[in-house]
Every structure is written in structure tokens, then in C-alpha cells.
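All remarks here apply to the structure that follows.
Owing to the predicted nature of the structure, the values given are computational and were not obtained by experimental measurement. Below, chain A is the first sequence line, B the second, and so on; all start at residue 1. Just so you know, these numbers use all the heavy atoms, side chains as well, and skip hydrogens, waters and symmetry mates.
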Amino acid sequence: MIPYANVAQLRSGLDNGEFSAEELAYFYLSRIEAATDLNCFITVDQEGVIAAAKNADKAIAKKNVGPLTGIPIAHKDLFCTKGLLTSCASHMLNNFIAPYDATVVDRLRKAGAVTLGKTNMDEFAMGSSNETSFYGAVKNPWDRTRVPGGSSGGSAAAVAAGLAAACTGSDTGGSIRQPASFCGVTGLKPTYGRVSRYGMIAFASSLDQGGPLASTASDAGTILNAIEGYDPNDSTSAIAEATDCHSVSPALKIGIPSQYWNDLSSSLTKVLEEARLTLESLGHQFVPVELPHTNAATAAYYVIAGAEASTNLSRYDGVRYGHRAASAESLENLYQVSRSEGFGSEVKRRILTGTYALSVGYYEAYYLKAQQIRRLIRQDFLDAFLEADVILTPVAPSTAFKRNELIEDPIVMYQQDIYTTPASLAGLPALSLPCGFSGQMPVGMQLIGPHFGEASLLNLGREYQNETDWHVRHPESGDD
Amino acid sequence: MDQQTIDKLLLLSQLSLLPEDREKLLGDLSSIVELIDFMQSIDTDGVEPLSHPLEVTQRLRADEPETCLDQEQYQAIAPQTRDGLYLVPRVVE
Amino acid sequence: MTEWEPVIGLEVHVQLATRSKIFSRAATTFGKYPNSNANGVDIALPGVLPVLNEEAVRMAIKFGLAIDAEIAPSCRFDRKNYFYPDLPKGYQISQLDQPIVGQGILPIFLGDGSIREIGITRAHLEEDAGKSIHTEYEGLTGIDLNRAGTPLLEIVSEPELHSASEASACFRELHSLVMALEICDGNMNEGSMRCDANISVRPKGSEILGQRTEIKNVNSFRFVEKALRYEIERQIAVLESGGDVILETRLYDSERNETRSMRSKESSDDYRYFPDPDLLPVDISDDLIESVRATVPELPAEKRNRYIVELGLTDYEANRLIEDPKVSRYFDEVAQSNVDAKLAANWILGEVSAALKRDEIGFAQVPVAPGELGRLIQRIEDETISGKIAKSVFESLWNENGSVDGIIESQGLRQLSDTGELENVVSQIVDDFPDQVRQFRDGKEKILGFFVGHVMKATAGKANPKQVNEILQRKLRV
């Protein structure tokens, strides 16, 4: 069995009987075991994997296979998995055995995928470096002194290190796209409402969106097809046609927004310029577009995400589940001690920021203002999409930075999201694709599409990956 | 952002703080407020606030009850229960 | 000595009679084992999401139509944030500035028979909280979330009520209204309807409102009246002794019959309302409104008016009948066998209610079909039986049912109206008591009753009293 095989390759291997799903599962378990220093996983479901793999083999024997039957995947640890620890990388949920499956988990299981376990992340998905996890930082497989990005850092690093064929992640302000870029994998943040949020532990309800991290755009599409679609348990999930992500991309008009390139390092600019030339050589045309309110996105994002998070996290009170203060003599004491012990400092900062933005006297100046800016940003994109079919931007202002480099300064950390938050606020789909290296660290490009335009992003991405080999470069690791 | 505001925010969000963390927090929150205050430079006169990226409306659910079968599981993950009740320190009204 | 005028506004919480909760699929039935009717949404598990129950929306619209209010074409749900153990999410889903039901009008019926129209400011949907139960366990409080998520319609009246009795009349009116609309079971003991009252007093004639207090959770018509009486007196006393009423929430203690200041249960009064991002705006189409309109029945006020004006019932009878739609429905059906409405009302409020009390059953279980009661009353009217006999027929109907006419025949209860036969009976009795005949003829006419009694005895009560009288008169006077 070759490491780093993508879903499509594993599919044919399983179908042609080159290896069984069970053998495949053991292969991945051993790779996970060998790479524990990366700290990608919070939970590995030893028994569950094998049982699921055996079932997959039965199905394969009966020729009753779907695209994901027997494919080993892992879930970001904010997707509820029945009977399995679902911690959100927080001390608060350190003991939370989810009593139900998230819709995403349920759909992938029904599609025959084999769940290896739960991947590490920033606590409650609040972070851009995976350093806020209660279970410790995740290391970037390309350079173990660097961060994998966040908040879906464990998922991105796991795919990059070949510890899972693909992973689920969640993206609120860039949490799929930025780690994908930092780890050199493909990550898709779907249109808001494309994928059900039921069972995906909430950070910011009007922004959160689950999606795949995989080694190719084609694999990302395969995962998306399994998890997308309306869910009666999520009022905000949309009724939309399934994504046709396996057809040929027509020649596209690709928009380049000037606002995204100002403060980008020359080396990143160079990498993205090459990506642009490649796309041009494939017959796509570039047009300038304007997204004038881009510079206000980070501020609006931190207000809205903070406000929603501050009340989404009120349920963690030590009464019905989760961490509870050892000895609480009064109710207030129970709340305050449980919550203060249970939440890390970044989570507290976000709760307090959000509470501030919603409190009497500040609501108009912050929360409402942010929502007005949200509309302006959305309108910018709607206008831009009159000129362009998709929009090309950088994913992050830099490649993966060193651990402990930014963690002490929330503001600098927040600035990591400047290129990803606008699409989040507008609810647009965005794809992060490996498009080169700066030094020995991978660089990603972001393709943003109109609402429910995932197909054009994924088909364009596949076409680009047929032309390039950035996505098949792999970090050296102990065993290969 | 000042100590009083922080105390109010802590109370509203039921969080407490170690004295030694206060200064750092005050500094962090002040710079965050600085960051989000950038919004004030944007002209939003007459702009309708947008609370959802897709402007769609609520789909309603038919009124069909389902019996809950998971109570035991729910109670199993609860810190302190008795006779089906979740227990908390005495609430005085 | 100033004359004071109370100014009262009500906030009435009505538990809507949906089968499942407002945002979760758990059943709304109560009295179950603690937390057995609380699903993942109700206990606020991580990752769960609210999904709005259409029936709750329809019921709110139904109420809106009944008070002739504007139904919002689009409404929104907001989060009201505060920490309390019976509030599992740490926020209550409610409606702040886009309520589903706008301004409306509620005609209330006052003791003196007059009718006043009270303005309804708004009515909005929200979720009920769970219950805190003081347990025996080491001074801990137990939390039962079975009630959490039950749909509530909060109805807010204008401050247009000017006495305790007006306030309780308004509460009463709302009670019969939501019962008639069948959007609430109206069970006060189980807290299906709860009333908060905002009350202030001001010198009569003054335009300025005085400082108000809020009285929480007074859950019976009687208590609303008593609590407000007490609070009005208290506020007047405070003001007349030169003090100030302070804005506060007070709790009514029915045992001591007094209101007491209650410290706010939330840690702060800054609720940080904002639109719930888990719920989208609700569009209310004209089609939906019209389909609900079709289900709105005759309203209590209309019914009361019809009973009093068209059927000539007394205020008391009319009010008794409309208290419970089951009763008025039964009455309407009895009245359909076009019998005298008054007689029908008397039977329902008299015999029927008495029998129900005796057998301790509700109106839903009345064993006598309204048609049969109608027939029974017809038989009284057409003099087939006397009112007295009718009572025994009713007893048989109640116990072994069967038909009125069947019972009359089988038990031979038909009145003796055959003059010939009666003539003989009467002559016989007149002959038997010559002394009494003499007394009668000497002018002691009261003794007539004596003869009537004997005739009835001789005919086992079946004789038609009217005829007996005529014949006696005739025979005794000669």
C-alpha cells in the first residue's frame, strides 16, 4: 500500500482487491501511531475503525460499493460522533461522549467511509494556528517547528502527513482554507447552508460551514457530494442541487481583486503569479474586480463571530454535561468556576468581545454596524460576480509561521484571516489549492465562487491539478 | 475598555478571572476594541443590517412529536443527577 | 384627600396546545418522569439546532385574527441572554421587535354587564423554561426540563385597565378566548396560563403615569384580583405617606394575601437581545393566514352576545355557558332541537352540571347526547311528561342511556291527559272526601292542593297538573 494515496486511488485498489478495507485501516492506524508527535488526533477509534472496515469489505464483496466505501477518513473533533469523545479540543468537553451523530458524520458513515478518529483543532474552532487546543498544539508535517494553521489544523496536517485519505473540517473565518494552505492540501469551504450544521458544535452560527480537506480537488468533491444537501434538522441548510464536480471546466473569467495583493510578500506574490499564468495557459481569462470593503472584513468578522459565539457558548454551564467545578457552594460559583476552568484564554477573549458588542450601549456601534458592513461586503462580491465567474486571491498573508510566534498577540493572529473572512461573511464557497512553495513551506491560492458555485471551483481545481504537481508533493516523515 | 467594563462583561458571561490575568486581558480587549473600531470609518448610512449570508426564509416543521429514548444516555454524561433531575446548588428565589 | 386611579397592563403567557415543542420534536405532555420529555434540543446538547413548529405559528396567527390584529408579513426570533438553570441554552428564544401578532382589540365583559374594548399591544412566540424543584438532596435544587421548549404566546395588553376586577375580567376573557380557539387547554392549575401585571396608581384625572411595579406569576382569576387589590392599596398607602413607589418585581403570596419584593433572578438585566442566527426570518403568506382564518370559530364575545340578545339568557347564564367551549357547544346542539333556550340553559347549568359534579367527570364525558336532552325538553314542552317526571327520565338516560321516548314508554311515564279517565279519578276522590269538599266550598280554596296531591298519588304522578286543576275546579264549584 502506498502512503499518500488519494481517495480515487484507494477506491480502485479496494475494488480491484489489491487490499482490503481492513488492511487499509490497519495501514492508516500504523501511520497514525508512527506520527503521534504531530498530535493530529485527539481520539483514535481503534475498535470502531476495524468494525467499520470489516463491514466495508462485506459490501465490497457484494459489489455494493459507493465512492467512499472503505475509505479511511477522520472528523474534526467538533463533529458529534455517537459514543466517541467529542471535545472541541476544550477542557470544557474533555469528558463529553456525544450521544448522537452529526449529520455530516452520519452521511459519511452511510456512504461507507471508515472513521479513523477525531482530529485536533483550536479550542471551539477559535484560532488560526491550532495552538489553543486543550490537547496541545499540532505540528506542521512540513516543518515540525511550525503551526499547521487553524482551526482545522489536525485535519489538514493529517491529510498532509498521509494519516487519513481525507478529513472533515469546519470553516468560520478561514478554518479550512488557511490550514489547507499551510499544509499543502486541498480544502473547500462550501456555500453557507450547503452542508448541514446539525451536530457540528457551534462557534458562530451564521458563518460556520463544514467541508472537506483532501489531497485533491476531485477527492474534496467526492466528500462534498456525500455530505451536502438539505437537512430537516438544520433550518439554515439550503435546498440546492447536488454539486456536479466531475465535469470539464469551461473557459472562465477569473477576477483579481486589487485589494487582496497590497500587503502580500513578494515571494507569495510570485507563487500566485505563476498559478495565474498556468490558469491562463489553460484558456482562462483574467479580469480586474473591485472588492472595496475588504479592509473592514476582519473587524466585522470578529464582532459577528464573537457575538454569536458569546451566546452559543452559554450552554456550557457544568449542569447537564461537560466540565463542572469540583466544589461549588452557590449557583453563580458553579457557573463561573466551571466556565473559567473549562474555557481557554482565547475562548474567553472571544466570549468577552462578543458580550461587549451585544451589550447595552454598544449594540448599534458594533453588532449592527458589523451587520451593515456584512451586507456591503456581500454586495461587493455580488457586483464582482457580474464581471467574473470566480475570484482568485491568496489564502493567507504568509506561509505557516513558527509555533509561539503570534500566540501572545491576538491582533496579529486575527490578521491571519484577512483574505478568508470576506467570503465567510458573504457565505460564499471558497477553495484552497496548493499552488507552490515559499522556501520549503507550501503556499495555497484561494478560488472564491458565487453562492452554490462549488462546481466551477472544484472543476477548475481539478483541471489545475491535472496540470500541476504541487498537490502530490509530500513532506518527508519518519517512515518514507 | 476599563476594569469596570471588564467586571460587567465577566458577570454577563459568568466568567471569573485570576487577578494576575487582569492586566493582560485589559490590554488584549483594548487592542481588540481598537481593531473592531476600524468599522466606524466605514460609511453605512441607510445600509440594512445583514444577519444571514443567504437571504432565505424559515422552513417550518410539521407538529409531529417524537418520544425521546435517549434520556439514560443524557443522564449518563451529566455531572450530577438524582431521580432524573439535574442537580445544582440550591437556587434561592 | 386625593382620589387615586390604578393603571394596569397585563402580560399573559399562554401555553400553546401543540403536540410537540416549539423548536424540538419532543412531546409537550407533562406529568412525566423528570427530563423524560426533554430531547437533545431541550437539554441544549452541543451541536443541536432549533426547528420551528408550524402549528405554533398557526395558533399565534389564529389568536391574532381573533383579536382583529395585524399579522406580521415577516417576523423574526431573537435570543434573550441570561444564565439560569431552567434555561439550558443560557438564552431564551423569543421575539423582541418583530412579534408575529401586532396591535389588536379585546372586548371584555364587565360585572355590570357593560363591555369595554381593551387594546392588545402585541403577542409574540417564545419558548417556556424548565422547572427548578427544591429537592431533599443535600440542599440541592433539581432541574426538570420537560416543560422547557413548550410554545408560549405572550400576550401584552395596553395599560388600559383601571381596577383589579377589570384586570381579572380581562384575564378571564383571554382565558375563554384561547379555549374557544382551542390553542390552549386553559388548565390554570398546571400553569397553562400565567399572568404578570404591571401596575401603577395616579391621582384621578392626571395624565402622567405613576411609577409601576410588576407582579409576577399570578395564576388564577381570583389571585389576579386579590393581588392587584392589595398592590393598589399598598401603592396608595406608600404615596399618601409621602413615600415613592419603586420600580420592582413583586411576588404574590396567596397564603398571606400580600405582594412581596422579589430580587431579580437574572444576574443582570442586560439581555443582549439579537437575532437568533440559527433561525431564519419567518414569512407569513396570505395563504397561510387565510387557511388559519377558516378555522376561527364563533368567538366568546359573539357567543355571549347571541345568547343574551337573541336567546334571552341572563348575563350569568351566558357567561357560565361560554366559560368552556365544550359546554357552549353542547348547549348549541341541545338548542338545535328548537326547544326553549332558557329551559335548555337551566337543564345544562342545573341537572347536567350537578350530575357531572356528582360523578366527578368532565363535560367531554357527558353520557347524554345533546339530541336526547333536546328531545327530553321537547317532551316537557309538549306536555308528554311533567318537569318532575323529566328529572327521573334524565336519571335513566344518564345511567343506562337509551332514548327519551323509549324510557317514557317502557316505564309508562306518559302523562294522563285522557280527560275521561281523569274525570273518573277526580270524581272518585271528590266523593271520598266530603268534609274537605265542604271546607273548599266554604272558601278555604287552599285545600285544592290536598285534592291535587291525592289525584297525583292515585295516578303515580302521571296526571297532567293543568288538567287536574281544571277538572277539580269544575267539580268542586258545582
Side-chain angles (χ1 to χ4, degrees), chain B residues 1-17 29 32-33 36 39 44 47-93, chain C residues 18-21 23-29 33-40 42-43 45 51-58 74 76-77 81-86 88 90 132-135 137-145 251 262-263 265 267-268 270 272 274-275 277 279-283:
Chain B
M1 183 60 56
D2 53 27
Q3 296 292 359
Q4 267 166 305
T5 316
I6 290 194
D7 288 328
K8 183 190 169 212
L9 296 178
L10 288 169
L11 178 64
L12 285 173
S13 49
Q14 291 292 319
L15 290 167
S16 56
L17 204 57
L29 290 186
I32 291 173
V33 168
I36 62 182
M39 294 192 302
T44 55
V47 179
E48 175 75 10
L50 179 71
S51 47
H52 256 280
L54 305 176
E55 283 177 295
V56 288
T57 56
Q58 184 73 29
R59 231 172 277 101
L60 302 177
R61 166 179 64 84
D63 183 24
E64 287 148 8
E66 283 172 11
T67 40
C68 327
L69 307 165
D70 303 329
Q71 203 223 3
E72 276 182 18
Q73 273 175 291
Y74 295 161
Q75 297 268 308
I77 56 174
Q80 198 181 2
T81 63
R82 185 95 159 251
D83 304 337
L85 295 166
Y86 296 103
L87 297 181
V88 299
R90 166 71 86 221
V91 176
V92 278
E93 272 191 23
Chain C
T18 53
R19 297 165 63 222
S20 64
K21 294 181 177 179
F23 297 117
S24 94
R25 290 182 174 77
T28 48
T29 45
Y33 186 74
N35 292 303
S36 58
N37 271 354
N39 71 9
D42 305 317
I43 68 170
L45 284 177
V51 183
L52 181 56
N53 180 343
E54 174 174 20
E55 195 53 31
V57 173
R58 297 183 68 95
S74 168
R76 194 180 73 192
F77 286 91
N81 295 285
Y82 65 91
F83 283 85
Y84 204 67
D86 65 13
S132 306
I133 294 153
H134 294 297
T135 68
Y137 325 133
E138 311 86 47
L140 292 166
T141 293
I143 305 301
D144 177 6
L145 298 173
L251 205 60
M262 158 191 168
R263 63 174 186 74
K265 69 181 185 178
S267 58
S268 159
D270 184 348
R272 289 153 290 137
F274 77 110
L279 291 159
L280 302 164
V282 182
D283 268 13

>> Taking side chain as everything from C-beta outward and backbone as N, CA, C, O, which of these in C:Phe23 sits under 4.5 Å from a heavy atom of chain B? Side chain, backbone, both or neither.
In response: backbone
> B:Ser13 versus chain C, heavy atoms under 4.5 Å apart: side chain, backbone, both or neither?
Replying inline: backbone
> Just how far is it from atom CZ of C:Arg19 to atom CD of B:Glu64, taken to the nearest 0.5 Å?
Replying inline: 7.0 Å
> Using non-hydrogen atoms only, which part of B:Thr57 is less than 4.5 Å away from chain C: side chain, backbone, both, or neither?
Replying inline: both
> Pick from C:Pro275, C:Ser36, C:Gly90: which one has the most heavy-atom pairs with chain B under 4.5 Å?
Replying inline: C:Ser36
> Which distance, rounded to the nearest 0.5 Å, do you find between the CD of B:Glu66 and the NZ of C:Lys21?
Replying inline: 12.5 Å
> Side chain, backbone, both or neither: which part of B:Glu72 has a non-hydrogen atom closer than 4.5 Å to chain C?
Replying inline: neither
>> Can you tell me how far apart NE2 (B:His52) and CG (C:Leu280) are? Round to the nearest 0.5 Å.
In response: 4.5 Å
>> Could you report the tightest heavy-atom contact between B:Asp83 and C:Tyr33, atom names first, then the distance?
In response: C-OH, 3.0 Å
> Does any heavy atom of chain B fall under 4.5 Å from the side chain of C:Pro281, the backbone, both, or neither of them?
Replying inline: both
> Checking B:Gln75 against chain C: side chain, backbone, both or neither under 4.5 Å from a heavy atom?
Replying inline: side chain
> Which one of B:Leu60, B:Ile77, B:Asp70, B:Val56 has the most heavy-atom pairs closer than 4.5 Å to chain C?
Replying inline: B:Leu60
> So, the side chain of B:Asp63 versus the backbone of C:Asn53: is there a donor-acceptor pair under 3.5 Å, distance only?
Replying inline: no
> What part of C:Ala56 is in contact with chain B, defined as an atom under 4.5 angstrom from a non-hydrogen atom: side chain, backbone, both or neither?
Replying inline: neither
> So, B:Arg61 side chain and C:Ser24 main chain: donor-acceptor pair closer than 3.5 Å or not?
Replying inline: yes
>> So for C:Ile43, is it side chain, backbone, both, or neither that comes closer than 4.5 Å to the heavy atoms of chain B?
In response: side chain
>> Quick check for you: among C:Ala27, C:Pro34, C:Ala26, C:Ala38, which has the greatest number of heavy-atom pairs under 4.5 Å with chain B?
In response: C:Pro34
> Based on non-hydrogen pairs under 4.5 Å, which of C:Val57, C:Asp144, C:Thr18 is most in contact with chain B?
Replying inline: C:Thr18
>> Return the CD to CD1 distance between B:Gln80 and C:Ile143, rounded to the nearest 0.5 Å.
In response: 11.5 Å
> Atom CD in B:Gln58, atom CZ in C:Arg76: separation rounded to 0.5 Å?
Replying inline: 13.5 Å
> Are C:Phe83 and B:Leu12 side-chain neighbours, meaning at least one heavy-atom pair lies under 4.5 Å?
Replying inline: no
> Judged by atom type as modelled, is there a donor-acceptor pair below 3.5 Å linking the side chain of B:Tyr74 to the main-chain atoms of C:Asn39?
Replying inline: no
> How close do C:Leu140 and B:Arg90 get, heavy atom to heavy atom, and via which atoms?
Replying inline: O-NH1, 3.4 Å
